[in-house]
Amino acid sequence: MEKRIAGRLNRQVGVVGLGCWQLGADWGEVDESEALALLHAAADTGVDFFDTADVYGDGRSETLVGRFLKERQGDVFVATKMGRRLPAQTTEGYNRENFLAWNDRSRRNLGVDTLDLVQLHCPPTPAYSRDEVFDTLDEMVEQQRIAAYGMSVEKVEEALAAIRRPHVASVQIILNAFRLKPLEQVLPAAAEAGVAIIARVPLASGLLSGKYTAATTFGADDHRNYNRNGEAFDVGETFSGVPYEVGLEAVERLRPLVPEGATMAQFALRWIIDQPGVTVVIPGARNVSQAAANSRAAALAPVDSAAVAAVYDELIRPHVHDRW
């Protein structure tokens with residue numbers, strides 16, 4: 001698999017990683033044996049970047065990734081996140097005491113002394129201007145609690161604020177064929193600064209897999225059901241904030257662009273890989289075959305970005321472009 005490096009991250013990683021939110025059972029149940037098989041299958045295809053968070057299944061995802069690390073031989077990079085354990089998202093909650101407690105818990109869950117990368121998990125916008133937040137993160141690097149830190153963001157403005165911080169190694173942002181705004185400023189700024197771009201929600205919660213229809217239903221424990229209108233967290237995390245029916249129409253407009261022998265999901269992932277400044281894309285997977293198929297996206301030829309942009313401008317832009 002193609003490897004990419006961002007200067008501040010100081011690490012080469014495969015361009016297709018694995019998002020591990022689904023291992024926490026927020027997309028429906030995934031049993032432990034299936035989860036571990038999935039992690040190993042992804043690594044077998046060349047995936048070496050695994051993204052998790054302390055709140056995915058209240059630590060279940062981190063714990064499973066930790067078990068995988070013990071079983072797996074080889075070079076594996078694990079990015080986790082902290083901040084969403086707060087009962088209410090307040091800037092004051094992003095403090096040294098909480099950071100150290102969250103870090104201790106994640107290190108226990110993952111079974112490591114030093115976390116490869118910890119990302120603040122979509123903190124309130126004012127946190128980006130608080131020096132004490134970044135001073136504490138710098139202290140944690142010095143103490144070897146973490147090797148590097150980054151920010152997982154909701155908005156373009158937050159990404160740009162993070163990139164301006166001199167020790168931020170990565171920015172994780174929603175980037176897919178339904179979210180083109182980061183291409184305008186975020187990716188160029190990150191490339192210039194040497195900040196890694198981690199592209200999350202690459203398939204718009206599965207919409208860009210091309211497998212869903214108006215009749216598709218989702219379980220009560222699936223955020224594509226319970227967060228359809230932002231009831232539990234930012235609606236942009238579910239279907240990228242695109243109304244479901246509009247997303248279905250856009251997928252049908254994109255479908256003729258998919259190369260013969262490829263899937264819609266692979267096409268969507270390849271589009272992200274093609275964007276200058278992207279370091280790694282982190283699709284999720286529910287089973288071994290999905291993980292293997294995601295990795296094969298890296299081998300596709302570049303896609304027609306102009307045609308993707310045309311569909312976005314006509315159908316998607318009015319719903320999302322000015323919101324995040």
Side-chain angles (χ1 to χ4, degrees), residues 5-11 13 17 19-20 49-56 59 61-62 65-66 76-174 186 189-200 234 279-280 282:
I5 188 169
R8 292 191 196 173
L9 192 59
N10 196 31
R11 173 71 174 264
V13 295
C20 298
F49 187 100
F50 297 82
D51 180 84
T52 183
D54 58 358
V55 291
Y56 294 167
S61 177
E62 280 187 333
V65 173
V76 174
F77 188 97
V78 176
T80 191
K81 308 181 201 75
M82 66 180 185
R84 287 280 152 175
R85 300 190 65 75
L86 287 171
Q89 283 294 300
T90 63
T91 303
E92 293 71 25
Y94 283 77
N95 59 52
R96 185 178 185 276
E97 180 181 2
N98 283 338
F99 281 12
L100 297 182
W102 296 334
N103 176 254
D104 286 342
R105 186 175 186 273
S106 288
R107 290 187 299 150
R108 286 195 301 270
N109 287 345
L110 288 164
V112 298
D113 294 325
T114 303
L115 301 177
D116 293 328
L117 176 69
V118 67
Q119 304 153 93
L120 296 191
H121 201 168
C122 301
T125 301
Y128 294 81
S129 60
R130 288 171 62 96
D131 290 343
E132 52 266 44
V133 167
F134 297 92
D135 291 343
T136 300
L137 292 168
D138 287 336
E139 177 189 346
M140 292 168 68
V141 173
E142 292 171 2
Q143 294 176 348
Q144 298 184 344
R145 286 173 164 267
I146 60 178
Y149 64 83
M151 307 291 278
S152 183
V153 308
E154 296 287 4
K155 301 175 182 178
V156 160
E157 292 76 14
E158 294 168 346
L160 295 171
I163 291 167
R164 288 192 291 269
R165 290 283 177 172
H167 300 146
V168 167
S170 65
V171 165
Q172 183 174 139
I173 192 167
I174 297 177
V186 174
E192 183 177 356
V195 172
I197 289 290
I198 304 167
R200 79 169 184 276
D234 192 295
T279 307
V280 58
I282 50 169

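Along the sequence shown, residues carry numbers from 1.
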Does this structure show an ion pair linking R96 with D135, if we count only N-O contacts that are shorter than 4.0 Å? no
Side chain proximity check, L160 to V186, heavy atoms < 4.5 angstrom: yes
Is it true that E158 and T125 share a donor-acceptor pair across their side chains at a distance under 3.5 Å? yes
Give a yes or no on whether the backbone of D54 and the side-chain of K81 come within a donor-acceptor separation of less than 3.5 Å. no
Rounded to the nearest 0.5 Å, how far does CG of D51 lie from OG of S152? 7.5 Å
Lys/Arg-Asp/Glu bridge criterion (N-O < 4.0 Å) met for R200, E154: yes
Please examine the side chains of V133 and Y128, heavy atoms only from C-beta on, and report whether any two atoms are closer than 4.5 Å. no
Option among L115, L137, L100 that satisfies the side-chain contact (heavy atoms from CB on, under 4.5 Å) test with R145: L100
Heavy-atom closest pair (R8 atom, A193 atom, distance to 0.1 Å) is NE-O, 3.3 Å
Those residues that, when tested against F50, pass ring-ring contact (aromatic ring centres under 6.0 Å, His included) (two or more places apart): F68
Partners passing ring-ring contact (aromatic ring centres under 6.0 Å, His included) against Y94 (at least two apart in sequence or in another chain): none
Donor-acceptor check, side chain of E62 to backbone of R108, threshold 3.5 angstrom: yes or no? no
Would H167 and V141 satisfy side chain to side chain contact (heavy atoms under 4.5 Å, CB included), going step by step from the backbone distance to the final call? CA-CA 10 Å; H167 300 146; V141 173; over 6 Å; no
Check side chain to side chain contact (heavy atoms under 4.5 Å, CB included) between R165 and all other residues, then give those that pass, not counting sequence neighbours. D131, F134, V168
Quick one: are F49 and T279 in side-chain contact, heavy atoms under 4.5 Å? no
Atom of A148, atom of A169 and distance for their closest heavy-atom approach: CB-CB, 4.0 Å
Heavy-atom distance under 4.5 Å between the side chains of V118 and S106, does that happen here? no
Please confirm whether the backbone N or O of A101 pairs with a side-chain atom of D104, one donor and one acceptor, at under 3.5 Å? no
Atom pair NZ (K155) and CD1 (I173), whose distance is rounded to the nearest 0.5 Å: 12.0 Å
If the test is side-chain contact (heavy atoms from CB on, under 4.5 Å), which one of M82, R107, E139, M140 qualifies with I146? M140
Looking at Q144, is its backbone amide N or carbonyl O close enough to the side chain of T114 to form a donor-acceptor pair, meaning the two atoms are under 3.5 Å apart? yes
Residues R130 and T91: side-chain donor-acceptor under 3.5 angstrom: no
With distance as the sole test, does S61 use its side chain to make a donor-acceptor pair with the main-chain N or O of C20 at under 3.5 Å? yes
Nearest heavy-atom neighbours spanning H121 and A53: CE1-CB, 3.7 Å
Validation row: L120, Y149 side chains within 4.5 angstrom (heavy atoms): no
Side chains of N109 and T80: does their closest heavy-atom pair fall under 4.5 Å? no
Ignoring hydrogens, what is the shortest heavy-atom contact between Q89 and G83? Give both atom names and the distance. NE2-O, 2.9 Å
Validation row: R11, L117 side chains within 4.5 angstrom (heavy atoms): no
V55 backbone acceptor or donor facing R84 side chain under 3.5 Å: no
Locate the shortest heavy-atom distance separating A159 from V171; write the atom from each residue and the value. CB-CG1, 3.9 Å
Residue pair M151 / P123: nearest heavy atoms and the distance that separates them: CE-CG, 3.9 Å
